[in-house]
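Letters go in sequence order (proteins before strands), and every chain restarts at 1. All values derive from a computational prediction rather than experimental measurement.
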There are 2 protein chains.
Amino acid sequence: MGDVASSRSEQRLPLSRERVLRTAVAIADEHGIETVTMRRVGDELGAEAMSLYHHVANKDALLDGAVDLVVREINEAVDELDAGGDWQVAVRTRILAARAVLLRHRWASRLLSTRAATSPEVVRYHDRLVGLLRAGGFSFDLAHHALHALGSRAMGFSQELFDPGDGGSADSLPPEVAAELPNLVAMLSEIAHDDPASTLGWCDDQTEFEFGLDLLLDGLDRRRVATTP
Amino acid sequence: MGDVASSRSEQRLPLSRERVLRTAVAIADEHGIETVTMRRVGDELGAEAMSLYHHVANKDALLDGAVDLVVREINEAVDELDAGGDWQVAVRTRILAARAVLLRHRWASRLLSTRAATSPEVVRYHDRLVGLLRAGGFSFDLAHHALHALGSRAMGFSQELFDPGDGGSADSLPPEVAAELPNLVAMLSEIAHDDPASTLGWCDDQTEFEFGLDLLLDGLDRRRVATTP
DNA sequence: ACCTGAACACCGTTCAAGT
DNA sequence: ACCTGAACACCGTTCAAGT
């Protein structure tokens, strides 16, 4: 019905690469990336799946293009930020702004880390980041290490391997399982004791992201000072 | 031909969950994860694709099981290590051992970060890691932050967003592109100048991984000291 | 030039039927 | 119980044909 692109009133706008990619992003945002199929994107545009091939090479190119649109959105948000002052503040602010955009397109981070394809927008983002580091007194060598050390965190997301809070409270586990996990069980029960209100969802993603980020930024600053005459 | 499981001499061993999963791992190791299909795994075992459904619920379960096999391999490697001494050394050694296993199954890290499914083996790995941190003087709270901060690095891999060395030497870029990337171009040319031999492949993954890891471990130790009476 | 209908190859999966 | 053949729904994609 009133779905992504309400298809009736518009008098069949001609397709374009831009419209195709924007539609893919919209579908992914609303229904998840796994529902983005050539047929579905075509439907949403009032066209056949096969028509898309005049504007994108194939499905891989469509997904690459959709991700690139998101990174462009990041770059636009980030270009407006103040690049002066303390480098740690500038870098931190920039990375958290990138994160805010990615939180609006939750499917994007997985694709971003999956497809090696280094899009111009991704490279541009990193170029500006190196600029901030240089302005903050980093050698090119240390800036280079910094990019690697930050990894996906540079762009505002990190790969959580498992959510320690997922299991709920410690005593929800079967005893024979709990016996095999003495440290996690103890950790969970201490947290539950300290803050009984929050058994589930006691890991605040944003807080944890910032904790890890600050750890890296502090460490990098220490290396910077150590290598600067 | 002499493929993953040479199918002739063996007198049709009965299928089992274990054999199905091991075959999936072997195919992924040799030909890539994208070649692992139900039909292919069946073929390799001299059975029909449909027979697999008696041993795994569906393809998702098969992939989960295959990843779990790899994590079990990590746990076996890691259980043999010395858990005593300096906590940083113990944790570092353990993480690099996990990394060594993952490098033998390069497809696994992507699946590991993709599927939220917190397998018993993954949870077990983290339980032991928390144990090391506790023994090193971490509070449960700080150990918890540490897990988040390490993220996928705890298990030996990190999400590289793009390889700054991928573009080759700086002057291989078209000039109008290079003009848009002043900082990366300068970074690349300085590296090329300092070490002319290595234009491509000048980022050593292992070195960069350890750099980022040490940054985090140092930062965590500093926090530990700051919070310990 | 842009769009389409029919068709193809290849998936995961169901189900009734075999032993 | 374990395994299988045929079939189904749903992909991405090719291609010749339309305007």
Side-chain angles (χ1 to χ4, degrees), chain A residues 3-5 7-8 10-28 30-68 107 110-111 114-115 117, chain B residues 3-5 7-28 30-68 107 110-111 114-117:
Chain A
D3 226 59
V4 172
S7 36
R8 211 143 20 99
E10 308 160 35
Q11 283 287 54
R12 300 191 169 265
L13 288 179
L15 295 182
S16 70
R17 180 178 162 81
E18 188 77 11
R19 288 191 72 214
V20 169
L21 297 181
R22 293 217 174 278
T23 303
V25 169
I27 296 172
E30 278 191 47
H31 303 101
I33 188 67
E34 72 281 358
T35 68
V36 176
T37 66
M38 299 301 273
R39 284 169 172 85
R40 175 77 193 269
V41 174
D43 268 5
E44 215 73 60
L45 288 163
E48 300 300 311
M50 303 77 202
S51 307
L52 306 181
Y53 285 88
H54 290 275
H55 302 96
V56 293
N58 51 36
K59 185 169 181 188
D60 266 5
L62 183 151
L63 292 180
D64 285 339
V67 172
D68 216 46
W107 50 274
R110 189 157 46 90
L111 287 193
T114 282
R115 6 205 87 231
Chain B
D3 227 57
V4 173
S7 36
R8 210 137 26 94
S9 56
E10 309 159 34
Q11 283 290 53
R12 300 192 169 266
L13 288 180
L15 295 182
S16 70
R17 180 178 162 81
E18 188 78 11
R19 286 191 73 215
V20 169
L21 297 182
R22 294 218 173 277
T23 303
V25 169
I27 296 173
E30 278 191 47
H31 306 283
I33 189 67
E34 72 281 357
T35 69
V36 176
T37 65
M38 299 300 275
R39 283 169 171 85
R40 175 76 193 269
V41 174
D43 269 5
E44 215 73 57
L45 288 162
E48 300 299 310
M50 304 77 202
S51 307
L52 305 182
Y53 286 87
H54 290 275
H55 302 97
V56 292
N58 52 35
K59 185 170 180 186
D60 266 5
L62 182 150
L63 292 180
D64 284 339
V67 172
D68 216 45
W107 50 274
R110 189 157 46 90
L111 286 193
T114 282
R115 6 205 88 230

Fill in the blank from the handout: Per-residue pairing states of DNA chain C in dot-bracket (Watson-Crick or G-U under 3.5 Å; . unpaired, | other strand) read ||.|||||...|||||.||
Handout entry: Within-4.5 Å side-chain heavy-atom neighbours: A:V25 and A:W107
Key = yes
Exercise for the section: Would you check if the side chain of B:R19 reaches a backbone N or O of B:P14 as a donor-acceptor pair within less than 3.5 Å? Expected result: yes
Handout entry: Protein-nucleotide distance (A:R39, atom CZ; D:dG12, atom P), rounded to Å
Key = 7 Å
Handout entry: Side-chain heavy atoms of B:L45 within contact of B:L52, under 4.5 Å
Key = yes
Problem - Interatomic distance where NZ belongs to A:K59 and P belongs to C:dA9 [whole Å] - result: 21 Å
Practice task
Let me know the distance between CG of A:D60 and P of D:dT13, rounded to the nearest Å.
Solution key: 7 Å
Handout entry: Between C:dG12 (C1') and B:L63 (CG): distance, integer Å
Key = 12 Å
Handout entry: Integer-rounded Å distance: D:dC3 P and B:D43 CG
Key = 15 Å
Practice task
Please work out which residues in residues 48-58 of chain A have a non-hydrogen atom less than 4.0 Å from an atom of DNA chain C and list them by number.
Solution key: A:E48, A:M50, A:S51, A:H54, A:H55
Exercise for the section: Answer yes or no: is there a side-chain heavy-atom contact under 4.5 Å between B:L63 and B:I33? Expected result: yes
Practice task
For the residue pair A:R40 and A:I27, establish whether any side-chain heavy-atom pair is separated by less than 4.5 Å.
Solution key: yes
Handout entry: side chain to side chain contact (heavy atoms under 4.5 Å, CB included) partners of A:E48, counting only residues at least two apart
Key = A:M50, A:S51
Fill in the blank from the handout: Sequence neighbours excluded, the answer for side chain to side chain contact (heavy atoms under 4.5 Å, CB included) partners of A:A57 is A:A61
Problem - Sub-4.5 Å side-chain heavy-atom contact between A:L62 and A:V36 - result: yes
Fill in the blank from the handout: To the nearest angstrom, the CE-P distance between A:M38 and D:dT14 comes to 10 Å
